[in-house]
2 protein chains.
Amino acid sequence: METVKLVTISQQAGLVADDQSIYSQILNDIAQGQLVSGDRLVTTQLAKKYGSSINPVREALKQLEGEGFVAFQKNSGARVARFAFSTMRDVFEMLQLLEPYLLKEFTQNHTPEDIAELENIIQKMTATQAQDFTRFRELDTAFHWQLYRGHYNQEAVKLWRRKRLILQAMHANLPISHKRYSDAVAEHQTLLSFISKGAVEEANEALLAHIKSGGDYWIAQVTETASSSGYRPLQGLTG
Amino acid sequence: METVKLVTISQQAGLVADDQSIYSQILNDIAQGQLVSGDRLVTTQLAKKYGSSINPVREALKQLEGEGFVAFQKNSGARVARFAFSTMRDVFEMLQLLEPYLLKEFTQNHTPEDIAELENIIQKMTATQAQDFTRFRELDTAFHWQLYRGHYNQEAVKLWRRKRLILQAMHANLPISHKRYSDAVAEHQTLLSFISKGAVEEANEALLAHIKSGGDYWIAQVTETASSSGYRPLQGLTG
DNA sequence: TAATCATTAATTGTTAACAATAATTAAATA
DNA sequence: TATTTAATTATTGTTAACAATTAATGATTA
């Protein structure tokens, strides 16, 4: 029984390897919200699902533990890591550190083809309905991925990818407001204009503003649903 | 046969858990330079060494892979991750991003006991011979650990710890010059003076300068021994 | 002698069985 | 009936055996 494999944009973008390893499949399920924060990861079930024995599953889970996506508890097995809603603040603050660092290189060294590709992504964004928030998110990710993927500090790139995946996991099942949609498109456009000029400072400022506005929006979204525990506002890293 | 367990300062400081799990023991061996970059990690040997079978070893190695300390190659097993000397540049640039972020919180919210502890560490540093570079490095680590350990963004703290361990692994077997030793002590002192005043900006500037001077020193050290491949100078993140 | 090939040994990655622990269900008691 | 207690089931974490792959050794040929 031959099946046609569906490849999502986020996979094309390279955020998760598109091999069929147990590791990648579990990570994909987490990133796409099939497995949500706190879900038990029962080795026997996963082994059956992926047609293997429990040890390769355990190894994949251990690797994911090392990457922060899974948490083990002694004699109680593995769960998808608890993403408290303070986690979202922490992730956005991390992105505020990482992304300007990664962008600087791109702003200084990019080809016309890079810019064309980015314009192409923005074009697709504008052609996308706000309701189709899965596709919009994928394009958003693809835009940033295009900016950072070529950086010399590949460990930093890997880190960005992980944080981005956690973010994706946290709002995989939430819709995007029409305002946020149009704001995001506009922010990408201004960002791109600074990048194509090679204006490092301005581009980084625009990027920080973009991350912050996205962060404020999503934290508010999550706060609405989640119970209010010790909330701290997102820290603006410049002015 | 009862044995007295030696606990190093870096363990006390909490950089590596002091449990006797296979994971922690391997990580300690990497951090202390017993296992060096590129070394093969033969499961059967490690299993014998730690008195277990190969599967728990494999799981520990997979977790360490997730954390970036170990690299697997298909059907060729695991090795300690290749720390190229560009890795050191990447690590220092990452630390330049992370540490000011982590420090800000501490500068704003610290107790007199915190300051006393930091002064205590500096005291011990000045009382240490430059030749005893292992102890000096442990005190250096303990100083920074004291600054960051309490931060609300524990994922960022965990990340700092990993980067610091990689650094430790890379110069575990290298001596420290007398100049670097005295410079480092002085830098810690000026940093502490700004922190105790609650001067966020000045403290962060002093910290950045401290990281950069350390980075430049160690990159030069490693460059001397290593063959010169595509080297890039350490990027100063402010001015 | 040098180079190629086949054989052997070592190591990896996986499977399946097993003890230890935790969770669940059923039985017994107040 | 409610609540504890015992028995059962499920799951975890580990061990030991096994096929697949790679590395090492020795024999064969030019």
Side-chain angles (χ1 to χ4, degrees), chain A residues 1 3 5 16-30 34-83 158 169, chain B residues 1 3 5 16-30 34-83 158 169:
Chain A
M1 192 178 73
T3 56
K5 190 162 136 269
V16 182
D18 66 346
D19 60 25
Q20 286 303 297
S21 65
I22 298 172
Y23 163 85
S24 295
Q25 293 190 63
I26 295 175
L27 184 51
N28 251 316
D29 284 349
I30 294 173
Q34 315 273 3
L35 290 168
V36 301
S37 175
D39 278 1
R40 285 195 65 191
L41 297 165
V42 180
T43 52
T44 50
Q45 290 175 11
L46 293 170
K48 189 177 287 183
K49 178 175 178 183
Y50 299 121
S52 78
S53 56
I54 65 173
N55 292 50
V57 171
R58 283 182 60 86
E59 286 176 18
L61 292 175
K62 278 285 173 185
Q63 188 176 348
L64 289 165
E65 181 188 22
E67 293 177 352
F69 295 107
V70 163
F72 272 76
Q73 205 172 356
K74 176 76 178 171
N75 284 325
S76 176
R79 291 173 177 275
V80 179
R82 295 273 178 195
F83 301 134
K158 204 185 289 179
Chain B
M1 191 178 76
T3 55
K5 189 162 138 272
V16 182
D18 65 347
D19 60 24
Q20 287 302 298
S21 65
I22 298 172
Y23 163 85
S24 294
Q25 293 189 64
I26 296 175
L27 184 51
N28 251 317
D29 284 349
I30 293 174
Q34 315 273 4
L35 290 168
V36 301
S37 176
D39 278 1
R40 283 195 66 191
L41 297 164
V42 179
T43 52
T44 51
Q45 289 174 11
L46 292 169
K48 189 178 285 182
K49 179 175 178 183
Y50 299 122
S52 78
S53 56
I54 65 173
N55 294 51
V57 171
R58 281 182 61 87
E59 286 177 16
L61 292 175
K62 278 285 172 185
Q63 187 176 349
L64 289 165
E65 182 188 22
E67 293 177 353
F69 294 108
V70 164
F72 273 76
Q73 205 173 358
K74 176 76 177 168
N75 285 325
S76 177
R79 292 172 177 273
V80 179
R82 294 274 178 195
F83 300 134
K158 203 185 292 178

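We use all heavy atoms of the structure for the numbers below, so side chains are in, but hydrogens, waters and symmetry mates are not. Letters A, B, ... mirror the listed sequences (proteins, then strands); counts begin at 1.
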Would you compute the distance between atom CD of Q63(B) and atom CG of L64(A) and round it to the nearest 0.5 angstrom? 11.0 Å

Can a donor-acceptor pair be found between the side chains of S53(B) and N55(B) at a distance below 3.5 Å? no

Could you verify whether a donor N or O on one side chain and an acceptor N or O on the other, from E65(A) and Y23(B), lie under 3.5 Å apart? no

Would you jot down, in residue-number order, the residues of residues 47-59 of chain A having a non-hydrogen atom under 4.0 Å from DNA chain D? I54(A), N55(A), R58(A)

Run the salt-bridge test on E59(A) and K62(B) with the 4.0 Å N-O cut-off and return the result as yes or no. no

Of Q45(B) and N75(A), the one whose closest DNA chain C nucleotide lies more 5': Q45(B)

Separation of atom NZ in K74(A) from atom P in dA20(C), rounded to whole Å: 13 Å

Starting from P on dA22(C), measure out to CZ on F72(A) and report it in whole angstrom. 16 Å

Using chain A heavy atoms and a threshold of under 4.0 Å, write down where along DNA chain D the contacts begin and end, 5' to 3'. dT11(D) to dT15(D)

One pair to check against side-chain contact (heavy atoms from CB on, under 4.5 Å): I26(A) and Y50(A). What are the steps and the verdict? CA-CA 10 Å; I26(A) 295 175; Y50(A) 299 121; 3.8 Å; yes

What is the minimum heavy-atom distance between [X] and [Y], and which atoms define it?
X      : Y      : answer
D29(B) : K49(B) : OD2-NZ, 3.3 Å
F83(B) : S37(B) : N-OG, 2.7 Å
L61(A) : L41(A) : CD2-CD1, 3.8 Å

Using OP1 and OP2 only, check whether a side-chain N or O of S76(A) sits under 4.0 Å from dA22(C). no

Please round to 10 degrees the angle between the axis of the first five pairs and the axis of the last five pairs in the helix from dT1(C)-dA30(D) to dA30(C)-dT1(D). 0°

Does the Q25(A) side chain pair with the main chain of Q20(A), one donor and one acceptor, at a distance under 3.5 Å? yes

Under 3.5 Å donor-acceptor, R79(B) side chain and G38(B) backbone: yes

